[in-house]
Amino acid sequence: MVELPDKSASFVEWYLAVVEAANLSDKRYGVKGMNVWTPYGLKARRNLDRVLVREIEATGSEAVEFPALIPATEFAKEKEHIKGFDAQVFWVTRGGLSELDVPLVLRPTSETAIYPIFALWVRSHRDLPLNVYQIVNTFRYETKTTRPFVRVREIHFFEEHTCQADEARATERVASNLEAFRRMAAAFALPYIAVRRPEWDKFAGAHYSIAFDLPLAGARTLQVGSVHHYRDNFAVPYGIRYEAPDGSVRVVHQTTFGLSERLLGAIVGVHGDAKGVVFPTEAAPYEVVVVPVTTAAAAEKVGAAAQHVAETLKAAGRRVVLDAGEERPGAKYYRWELAGVPLRIEVGARELETDRWTSVDRLGRKEPVGRATLAADVAARLVAFDRELARRAEAALAASFAPAATLADLHGSRQVRLVGWCGAEACGHAIEQAIDGALLGTPEGPLPFPVVAPASCVACGKTLGVRLAIAGQPM
RNA sequence: GGGACUGUGGGGUAGCUUGGUCCAUCCUUCGGGGUUCGGGACUCCGAGACGCCAGUUCAAAUCUGGCCAGUCCCA
């Protein structure tokens, strides 16, 4: 029997307990920040990857894989980048018994592994755009407390790297990535806000960074991914140049798009409830669980019917698990609810006398599904489930933001705050200090809820050039 | 980066102050048997632990040190 801590009262405790109880990850490996992917957790992760791959490939990106080790000499070429990552890399300094002449960095991100090769691949304007992505593990020497999926040292990382002919085309690629992320997030019923990070918080080496933030609990937010415009900041030191149609030699402009298993953390954190995980259909390791409700009299018939239901759904392409175990039905319900399966179908003697099965979705909504129309009815129920899940998440997101007119409002805030900001770094830091968190930045595009434009900077009171900014506490 | 606390079967705990009573408590879990089965069944039998390495001691889950890991707080 599993008792979960209260989600709204102690979010972090709840999160850790859910991840463990649902068996998504095993944190007993014994190296800080490096957890074991369990069969169940890995199924979910692969579903996320499947959607990411589908959506990024729809934009003309191709998969590649680069090595995990980067020579120190290459790593050091872009000086803002190395400044940003120097303190959080693992080094490989020895090979067997001998010291390496050139130490190797275990990639914390792959710019410096990929760009020397991009310089070889890109020769002509005909080679552009170059859009590639990889899904690999990256490593960061995280010193803070690590948490499954959210802050780890071995990161399951999706990263797209592109080369474009000029700055405008790179800007277009950024827009395309924002759109791809919109589709990915929608697939998981995850509402979010896209935020342009302030100068002091952009990716090391970027011209600008746009991050995807989700409110979790109180003022806490989780960045699940980001898109960066590099301009030619990397292309110059790495010599990524091409010959234009007019014969001139030009430097490419680059973008990247990064996501990680934080997406899974976000699904757990946003959709999960007092009973456990709630998986949106696309992410769910199993979309449907079939539970036979047996009695001594009808055991055989019920068992055969349950099996038939499972097989019918499998044949229709559903991920299905048939729980024919010895436990009583109630115990199974609790277990599969903890695991977050979107839809349960109950097959018992009662149903055998009708032409329907009972189905209950993870939000507790009970409805019959037709025997003859099983696959179609289940599909419809799952669509309705995802829609309701999204609706609830959107309502929760809207409720987690509140405007703040003064710095005092930010103290001990239980919500993410919308503030006026003049753009000055000093004011930004004053805001960060007040909320004991970060100025996440300025919204990129419209927010998914109504907003009143602020009149003045919450820190200095100036009205000139004031824009809407978001302040919260990144997890 | 700084500090605090914690580490006992798969999970949660009692025991630690004051070393011997402990081949270690209780709940859960796991394996086997029986009766059951529409929201966490009951019962019988069985399995399973003192984070790691040193030290102190006749004797260490218990005391000391280091390491590793986890949790929390602060920059």
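In what follows, chains carry the letters A, B, and so on, assigned in the order in which the sequence lines appear, proteins first and then strands, with residues in each chain numbered from 1.
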Self-check item: Nucleic acid contacts of residues 7-21 of chain A, taken as heavy-atom distances under 4.0 Å to RNA chain B
Solution: A:V12, A:L16, A:E20
Quiz item: Now, which nucleotide makes the Watson-Crick or G-U wobble pair with B:rG19, with each of the two distances under 3.5 Å?
Solution: none
Quiz item: Heavy atoms under 4.0 Å, any strand shown: does A:G33 hit a base, just sugar-phosphate, or nothing?
Solution: sugar-phosphate
Quiz item: Considering only the C1' atoms, how many Å lie between B:rA60 and B:rG65, rounded to the nearest integer?
Solution: 15 Å
Exercise. Run the numbers on A:D49 and A:H156 for side-chain hydrogen bond (donor to acceptor under 3.5 Å, both in side chains), then give the verdict.
Key: CA-CA 10 Å; A:D49 287 349; A:H156 178 72; 2.7 Å; yes
Quiz item: Under a 3.5 Å cut-off for both distances, is B:rC42 Watson-Crick or wobble paired, and to whom?
Solution: B:rG34
Quiz item: Taking the same atom, P, in B:rU71 and in B:rA47, what whole-Å distance lies between them?
Solution: 34 Å
Quiz item: CD of A:E337 versus C1' of B:rG39: gap in Å, rounded?
Solution: 8 Å
Close N/O contacts between protein and nucleotides 2-9 of chain B (under 3.5 Å):
none

Self-check item: Which nucleotide in B:rC37, B:rG39, B:rU71 has an atom nearest any side-chain atom of A:K27
Solution: B:rU71
Exercise. Go through the side-chain N and O atoms of A:R381 and A:S359 and say whether any donor and acceptor fall under 3.5 Å apart.
Key: yes
Practice problem: Identify whether any heavy atom of A:T295 sits under 4.0 Å from a base atom; if not, whether one sits that close to sugar-phosphate; answer base, sugar-phosphate or nothing. | Solution: nothing
Quiz item: Pairs in or reaching into residues 207-219 of chain A: which pass salt bridge (Lys or Arg N to Asp or Glu O under 4.0 Å), with residues at least two apart or in two chains?
Solution: A:R197-A:D213
Quiz item: Reckon A:A87 touches a base, only the sugar-phosphate, or nothing at all at heavy-atom distances under 4.0 Å?
Solution: nothing
Self-check item: Nearest-Å distance once atom C1' is located in both B:rC68 and B:rG32
Solution: 38 Å
Quiz item: Near RNA chain B, which residues from residues 140-147 of chain A have a heavy atom under 4.0 Å away?
Solution: A:T143, A:T145, A:T146, A:R147
Quiz item: Can a side chain N or O of A:R328 be found less than 4.0 Å away from OP1 or OP2 on B:rC42?
Solution: no
Exercise. Send over the distance from A:D436 CG to B:rC74 P, rounded to a whole Å.
Key: 7 Å
Practice problem: Give a yes/no verdict on a cation-pi contact between A:R147 and A:Y15, requiring under 6.0 Å between NZ or CZ and the six-membered ring centre and an angle within 45° of the axis. | Solution: no
Practice problem: Could you state the atom-to-atom distance from CZ of A:R151 to C1' of B:rG70 in whole Å? | Solution: 14 Å
Practice problem: Determine the minimum heavy-atom distance between A:L410 and A:A404, stating which atoms define it. | Solution: CD2-CB, 3.7 Å
Quiz item: Which whole-number value in Å describes the distance from A:R153 CZ to B:rG70 P?
Solution: 8 Å
Exercise. Determine which pairs satisfy salt bridge (Lys or Arg N to Asp or Glu O under 4.0 Å) with at least one residue from residues 84-93 of chain A, sequence neighbours left out, and list them in order.
Key: none
Quiz item: Are A:T112 and A:E78 linked by a side-chain donor-acceptor pair shorter than 3.5 Å?
Solution: no
Quiz item: Taking atom types as they are modelled, is there a donor-acceptor pair under 3.5 Å from the base of B:rG39 to the side chain of A:E327?
Solution: no
Self-check item: Integer angstrom distance from the C1' of B:rC45 to that of B:rC52
Solution: 36 Å
Exercise. Could you tell me which nucleotide pairs with B:rU71 by Watson-Crick or G-U wobble geometry, both distances under 3.5 Å, or answer none if nothing does?
Key: B:rA4
Self-check item: Identity of whatever pairs with B:rU25 - Watson-Crick or G-U, under 3.5 angstrom
Solution: none
Quiz item: Quantified in whole Å, what is the P atom distance between nucleotide B:rG20 and nucleotide B:rU29?
Solution: 33 Å
Quiz item: Quick one: on RNA chain B, does A:K366 or A:V31 contact a more 5' nucleotide (nearest heavy atom)?
Solution: A:K366
Exercise. Take the protein atom NZ of A:K332 and the nucleotide atom P of B:rA41, then report the distance between them rounded to whole Å.
Key: 11 Å
Quiz item: Of the nucleotides B:rG70, B:rG39, B:rG38, which has the atom closest to the A:K32 side chain?
Solution: B:rG70
Quiz item: Run the side-chain hydrogen bond (donor to acceptor under 3.5 Å, both in side chains) check on A:W336 and A:D323 step by step: do they pass?
Solution: CA-CA 9 Å; A:W336 291 110; A:D323 189 352; 2.7 Å; yes
Exercise. For A:E351, answer base if it contacts any base atom (sugar-phosphate contacts may also be present), sugar-phosphate if it contacts only those atoms, and nothing otherwise; contact means non-hydrogen atoms under 4.0 Å.
Key: base
Quiz item: How far, in whole Å, is B:rC63 from B:rA14 if one measures between their P atoms?
Solution: 15 Å
Quiz item: Reckon A:G30 touches a base, only the sugar-phosphate, or nothing at all at heavy-atom distances under 4.0 Å?
Solution: sugar-phosphate
Exercise. When you get a sec, tell me which of B:rG38, B:rC37, B:rG40 is the closest nucleotide to the side chain of A:Y334?
Key: B:rG40
Practice problem: Could you state the atom-to-atom distance from NE2 of A:H429 to P of B:rA75 in whole Å? | Solution: 16 Å
Self-check item: Ring-face cation of A:R417 near A:F401 (centre distance under 6.0 Å, axis angle within 45°)
Solution: no
Quiz item: In whole angstrom, what separates A:E326's CD from B:rG40's P?
Solution: 18 Å
Quiz item: Checking side-chain hydrogen bond (donor to acceptor under 3.5 Å, both in side chains) for the pair A:E425/A:H429: CA distance, chi angles, key distance, verdict?
Solution: CA-CA 6 Å; A:E425 182 161 348; A:H429 291 315; 3.0 Å; yes
Self-check item: Gap in Å between the two C1' atoms, one belonging to B:rU18 and one to B:rA59, rounded
Solution: 16 Å
Quiz prompt | Closest non-hydrogen atom pair between A:V466 and A:C457, with its separation | solution = CG2-N, 3.5 Å
Practice problem: Go through the steps to decide whether A:Y29 and A:W37 satisfy the test ring pair (Phe, Tyr, Trp, His ring centres under 6.0 Å), and finish with yes or no. | Solution: CA-CA 10 Å; A:Y29 182 67; A:W37 287 91; over 10 Å; no
Quiz item: Heavy-atom distance under 4.5 Å between the side chains of A:V227 and A:F181, does that happen here?
Solution: no
Practice problem: Using both distances under 3.5 Å as the test, list the Watson-Crick or G-U wobble partner of B:rU56, or none. | Solution: none
Exercise. Give a yes/no verdict on a cation-pi contact between A:R107 and A:F75, requiring under 6.0 Å between NZ or CZ and the six-membered ring centre and an angle within 45° of the axis.
Key: no
I'd like a table of atom pairs between the protein and nucleotides 46-50 of chain B - only N or O on both sides, under 3.5 Å - with the distance next to each one.
none

Exercise. Decide ring pair (Phe, Tyr, Trp, His ring centres under 6.0 Å) for A:F203 and A:F85; before the verdict, give the C-alpha distance in whole Å, the side-chain angles of both, and the deciding distance to 0.1 Å.
Key: CA-CA 10 Å; A:F203 181 85; A:F85 278 101; 5.6 Å; yes
Quiz item: On a plain distance test, is the side chain of A:R335 in donor-acceptor contact with the base of B:rG39 below 3.5 Å?
Solution: no
Quiz item: Looking only at atom C1', what distance separates B:rG70 and B:rA24, rounded to whole Å?
Solution: 24 Å
Quiz item: In terms of the angle between their ring planes, are A:F234 and A:Y230 parallel, tilted or perpendicular, with boundaries placed at 30° and 60°?
Solution: tilted
Quiz item: Just how far, in rounded Å, is C1' of B:rG10 from OH of A:Y40?
Solution: 19 Å
Practice problem: Tell me, yes or no, whether the heavy-atom count around A:D101 atom CG, taken from other residues, nucleotides or ligands under 6.0 Å, exceeds 12. | Solution: no
